[in-house]
Amino acid sequence: MKNPHSSVVRRGTISPNLGEPLVPALSPSVVYHYEDADQLQSVYDGDLEGFGYAREGHPNSDTLASKLSWMEGANAGVMTASGMSAISATFMSVLQAGDSIAAASQLYGRSLKMVTGDLPRMGFACRTFDASDPVTFKRAITHGTRVVLAEIVSNPMLRVTHFAELVKACKAVGALLLIDNTFTTPTGFRPLDQGADLVMHSVTKMLSGHSDLNLGYLGGTDSVLLDKISDVIATMGLNASPYNCWMAERGLNTFDLRFRQAQDNAHKLATFFDGHDMVEQTHYPGLSSHPDHQLASSMISAGYGAMVSFVLKGERAQANAFLRGCKNIPYGPTLGDVSTMVIMPAVSSHRKLSRDERLKLGIKDNLIRVSVGIEDFELIKREFESALELAGRT
Ligand SMILES: *Cc1c(COP(=O)(O)O)cnc(C)c1O
């Protein structure tokens, strides 16, 4: 075959063919080139659809963002490098000098660090509220509050946010409500339908589902606001990689099946823990003993989530024996994986808090959080049964 190239570094094109690939193409190109200056100008002016430079957007992020926007009922959405960059992008886009923010006191660890440490350092004061106690909303959300950040189900106590009351408190002062919907997923709850302005996901977790990429999504009802945020994402370099978007789109194909199985397992596992001698207390919104069971039942559809936490009886020695007994259940500080994982928040996600601060949030020393996977339930039960037995003999 004659080499059609004048140099190996000059890129060729894929020869045209009749077959359409079934799988979306991975488009790693950083740059998209055009015939002449007029054509490029038309792309920049928005008269022609096209990409220019990957930090500003690329086909894989557009495709994935439009799928997630469809799931969340968002008018516009954008992918970011990670869940944390979706949250950063929001604050960096909407805060003006003099603004303050408000946030739930139980948030993902890094989110809490951002709102109580990094943003105050930049001059944005933050007040926190208890998302399961509406009385605290009005004190924290006042005139001058520009953005409010909350989750629907908290980690690791699995308390449920009084969402309707939170929306009212935000609307009363014109604050933007950003919901981190990672735990609940759009199958469980769609915040934008119920009055939130923005919704974000750590796509790293349940939506992509295989713990092999970091990715974030941010969607909203106001496409002008989303354009502004997209612009900040490009400026601050918070953009998602084509490869991660492409991988996440593949994972997303099985999200519904995975989530259904994981929720089903979680409910059975919570019931199992609840009746076990070595368990002091089980936290799962699906149990009628959970303080927010009613609220969860009225708010969240299709199940009560894939996270369960429980307090193991005994001291650190029993916890160590239990964790050693979980031979095939990885100790993993993440969630939403196909595999079941455990963590002890007191030594992982909440280790930076003092013991008193943890206890105030309800996080006892021997609290174990389980991110329930999609394995056969009998296997999960057998493994936890033997780990609990080991703890019981210690
Ligand atoms: C993991 C997680 C994040 C952060 O997402 P990254 O993709 O790790 O940046 C934010 N919120 C919640 C609830 C999470 O579980």
Side-chain angles (χ1 to χ4, degrees), residues 61 64-65 68 72 77-92 103-119 131 147-161 163 177-189 191 196 198-219 233 236-241 243-245 247-248 251-252 255 258-259 262 266 285 300 305-309 332-338 341-343 345 348-350 352 361 363 369-373:
S61 67
L64 183 59
L68 295 172
E72 281 290 3
V78 62
M79 302 311 301
T80 57
S82 64
M84 291 318 300
S85 36
I87 299 176
S88 307
T90 305
F91 286 124
M92 295 302 103
S105 53
Q106 292 206 31
L107 285 176
Y108 179 72
R110 288 277 168 193
S111 306
L112 200 58
K113 183 172 178 295
M114 189 189 297
V115 297
T116 58
D118 296 296
L119 291 171
V147 195
V148 175
L149 173 63
E151 298 174 10
I152 298 299
V153 176
S154 76
N155 173 36
M157 299 303 292
L158 309 175
R159 294 301 306 264
V160 180
T161 295
F163 191 75
L177 178 57
L178 165 63
I179 294 294
D180 179 341
N181 205 24
T182 304
F183 264 48
T184 318
T185 84
T187 302
F189 189 74
L198 294 162
V199 62
M200 65 73 53
H201 281 278
S202 170
V203 178
T204 311
K205 311 292 168 55
M206 184 64 78
L207 290 174
S208 70
H210 296 74
S211 302
D212 49 13
L213 54 93
N214 275 124
L215 203 61
Y217 164 81
L218 183 71
I233 288 169
M236 303 224 168
L238 305 170
N239 53 296
S241 98
Y243 181 71
N244 286 354
C245 294
M247 288 280 283
L252 193 63
F255 161 70
R258 285 185 285 105
F259 192 50
I300 300 170
M307 306 296 293
V308 179
S309 59
T334 186
L335 57 107
D337 187 73
V338 286
M341 290 193 198
V342 292
I343 63 158
S348 292
S349 53
H350 293 72
K352 296 262 164 67
L361 297 173
I363 302 169
R369 188 199 76 182
V370 186
S371 167
V372 185

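Predicted model, so just to flag it, every value in this text is computed and none were measured. Values below: every heavy atom of this structure, side chains too, minus hydrogens, waters and symmetry copies. Order of listing sets the numbers, starting from 1, for every ligand and every atom in it.
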Practice task
Measure the distance from atom 7 (O) of ligand 1 to every protein heavy atom, then report the residue, atom name and distance (to 0.1 Å) of the closest one.
Solution key: Thr204 OG1, 2.6 Å

Handout entry: Backbone N/O of Asn214 and side chain of Asn244: donor-acceptor pair under 3.5 Å
Key = yes

Exercise for the section: Look at the aromatic rings of Phe163 and Phe189 and report parallel, tilted or perpendicular, splitting at 30° and 60°. Expected result: perpendicular

Handout entry: Any N or O of Phe183 closer than 3.5 Å to N or O of ligand 1
Key = no

Handout entry: atom 5 (O) of ligand 1: nearest protein contact (heavy atom, Å)
Key = Ser202 OG, 2.9 Å

Completion exercise
Residue, atom and distance of the protein heavy atom nearest atom 4 (C) of ligand 1 read Tyr108 CE2, 3.4 Å

Practice task
May I have the step-by-step check of side chain to side chain contact (heavy atoms under 4.5 Å, CB included) for Val153 and Ile300, ending in yes or no?
Solution key: CA-CA 10 Å; Val153 176; Ile300 300 170; 3.8 Å; yes

Problem - Thr161 side chain vs Glu151 backbone, donor-acceptor pair below 3.5 Å - result: yes

Practice task
Check whether any N or O atom of Glu151, backbone or side chain, sits under 3.5 Å from an N or O atom of ligand 1, and answer yes or no.
Solution key: no

Exercise for the section: Mind running side chain to side chain contact (heavy atoms under 4.5 Å, CB included) on Met114 and Met84 for me, showing each step along the way? Expected result: CA-CA 9 Å; Met114 189 189 297; Met84 291 318 300; 3.5 Å; yes

Problem - ligand 1 atoms in contact with Leu335 (distance to a heavy atom under 4.0 Å) - result: 15 (O)

Handout entry: Side-chain donor-acceptor contact under 3.5 Å, Ser85 with Ser88
Key = no

Problem - ligand 1 atoms in contact with Asn214 (distance to a heavy atom under 4.0 Å) - result: 7 (O), 8 (O)

Problem - Asp180 neighbourhood, listing ligand 1 atoms whose heavy-atom distance to it stays under 4.0 Å - result: 10 (C), 11 (N), 12 (C), 13 (C)

Exercise for the section: Select one of side chain, backbone, both or neither to describe which atoms of Lys205 lie under 4.0 Å from any atom of ligand 1, heavy atoms only. Expected result: side chain

Problem - N/O donor-acceptor pair under 3.5 Å between Ser202 side chain and Thr182 backbone - result: no

Exercise for the section: Could you tell me whether Ser111 and ligand 1 have an N or O pair separated by under 3.5 Å? Expected result: no

